[in-house]
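Single-structure report; data block below.
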Amino acid sequence: MATTSDSSASFEETDTRKDEMHSTIEAWIDDLVGDVDAVQASDEFQEWLDVQSRFHDYSHRNTLLIKLQCPEATKVAGFNTWRNEFDRHVQEGEQAIWIWAPIITKQCPECENSPSYHENSDCEYDETPPEEWSKGLVGFKPAAVFDVSQTEGEPLPELETEATGDAEDLVPALTDAADDLGVTVRIVDADEWAHGDAKGVCKQRDIHDFTPIVEAKARTNQADLAVTLIHEFAHALLHFDVDDKAERSKREVEAEAVAYIVGRYCGLETSGSAFYLAAWQYDEPESIQDRFGRISSTAEEIIDVIDG
């Protein structure tokens, strides 16, 4: 859906290099804002949003339970939800993932139990009959859910976020650049990848060593791998010591904008970044420009290291 014209640039070693780079990045950010606007208005994105809205947001506890039982899980739903909402069915022999589902029913205003528990309790409340009680949370019960990988049927809509282009030399250049950026890089085989549907992560080495480590899932598409590395480099440079969950969408905007700029500078097709940004519930594309200084300086730093 999104399109990017004039997909690359070069900056000669002149006195005006910085100025040229800055103005080019500024123009590309304008392109990106326009692309995000176009994506958000597209039927493709609205269809994707509609499907995503049918998936439940699980609590932190249930998210942990899902990850413990099925580390590769990406999208989970109940047996009937898969059948009725997504026209997919759970494959024979698949093991359920067990979570806790809330029990919502009539609730005693005093003891806050359900009518049956209230009857067997010491609570003496009798001002109003149970039929008039309001509903509330009275407990939890085990519930079975299944990951999309355990189902088959109608495919779910996907956003085309992958970068494309010739990056056979770029991936080695980026891994070589990691030392200069103060980052350790690991490209992990797909069958050893432990981060679900994430393409890359940025984390610290261990509880004692705060050196940022970037891990990326190996894949055939080297252009997409390169953009993932740049995205995680941006996190390492901009956000490594930040852990504010409420600000995560802003961090993703900054990292992906840097990946879009550096990838485009290297001649890759990075228009999929607009889908990525739109998917982060990016309500105001213009705020990319509000973060221009951080995005531009980080992109320039990575470009300078790549260029040597």
(request) Establish, yes or no, whether a centroid distance under 6.0 Å links the rings of Phe146 and Trp98. (result)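 No, the ring of Phe146 stays outside the 6.0 Å limit from the ring of Trp98, centre to centre.
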(message) Centroid separation under 6.0 Å, is that true for the rings of His56 and Tyr58?
(response)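 Tyr58 vs His56: aromatic centres under 6.0 Å.
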[X]-[Y] side chain donor-acceptor pair, cut-off 3.5 Å:
X: Tyr265; Y: Asp307; result: yes
X: Glu269; Y: Thr164; result: no
X: His118; Y: Glu112; result: no

(message) Taking atom CZ as the centre, does Phe292 end up with more than 12 heavy-atom neighbours from other residues, nucleotides or ligands that are less than 6.0 angstrom away?
(response)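 Yes, because the 6.0 Å sphere around CZ of Phe292 holds more than 12 heavy atoms from other groups.
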(message) Surrounding CG of Asp176 (heavy atoms of other residues, nucleotides or ligands, distance under 6.0 Å), is the total greater than 12?
(response)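 More than 12 heavy atoms, drawn from other residues, nucleotides or ligands, come within 6.0 Å of this atom.
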(request) Please list all pairs passing the ring-ring contact (aromatic ring centres under 6.0 Å, His included) test where one or both residues lie in residues 152-205, with sequence neighbours left out. (result)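 Output for this query lists Trp193-His195.
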(message) Quick check with a 6.0 Å cut-off and a 45 degree axis cone: is Arg61 positioned over the face of Phe140's six-membered ring?
(response)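 Yes, Arg61 and Phe140 form such a contact.
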Between [X] and [Y], is there a side-chain N and carboxylate O pair less than 4.0 Å apart?
X: Arg264; Y: Asp31; result: yes
X: Arg88; Y: Glu154; result: no
X: Glu215; Y: Lys203; result: yes
X: Arg83; Y: Asp87; result: no
X: Glu254; Y: Lys250; result: no
X: Asp147; Y: Lys75; result: no
X: Glu300; Y: Lys18; result: yes

(request) Over 60° means perpendicular and under 30° means parallel, so classify the ring planes of Phe45 and Trp48, tilted if in between. (result)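 Trp48 and Phe45: parallel rings.
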(message) I'd like to know if Ile295 and Ile306 are part of one continuous hydrophobic network [Ile/Leu/Val/Met/Phe/Trp/Tyr, side-chain heavy atoms within less than 4.5 Å].
(response)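 Shared cluster, yes.
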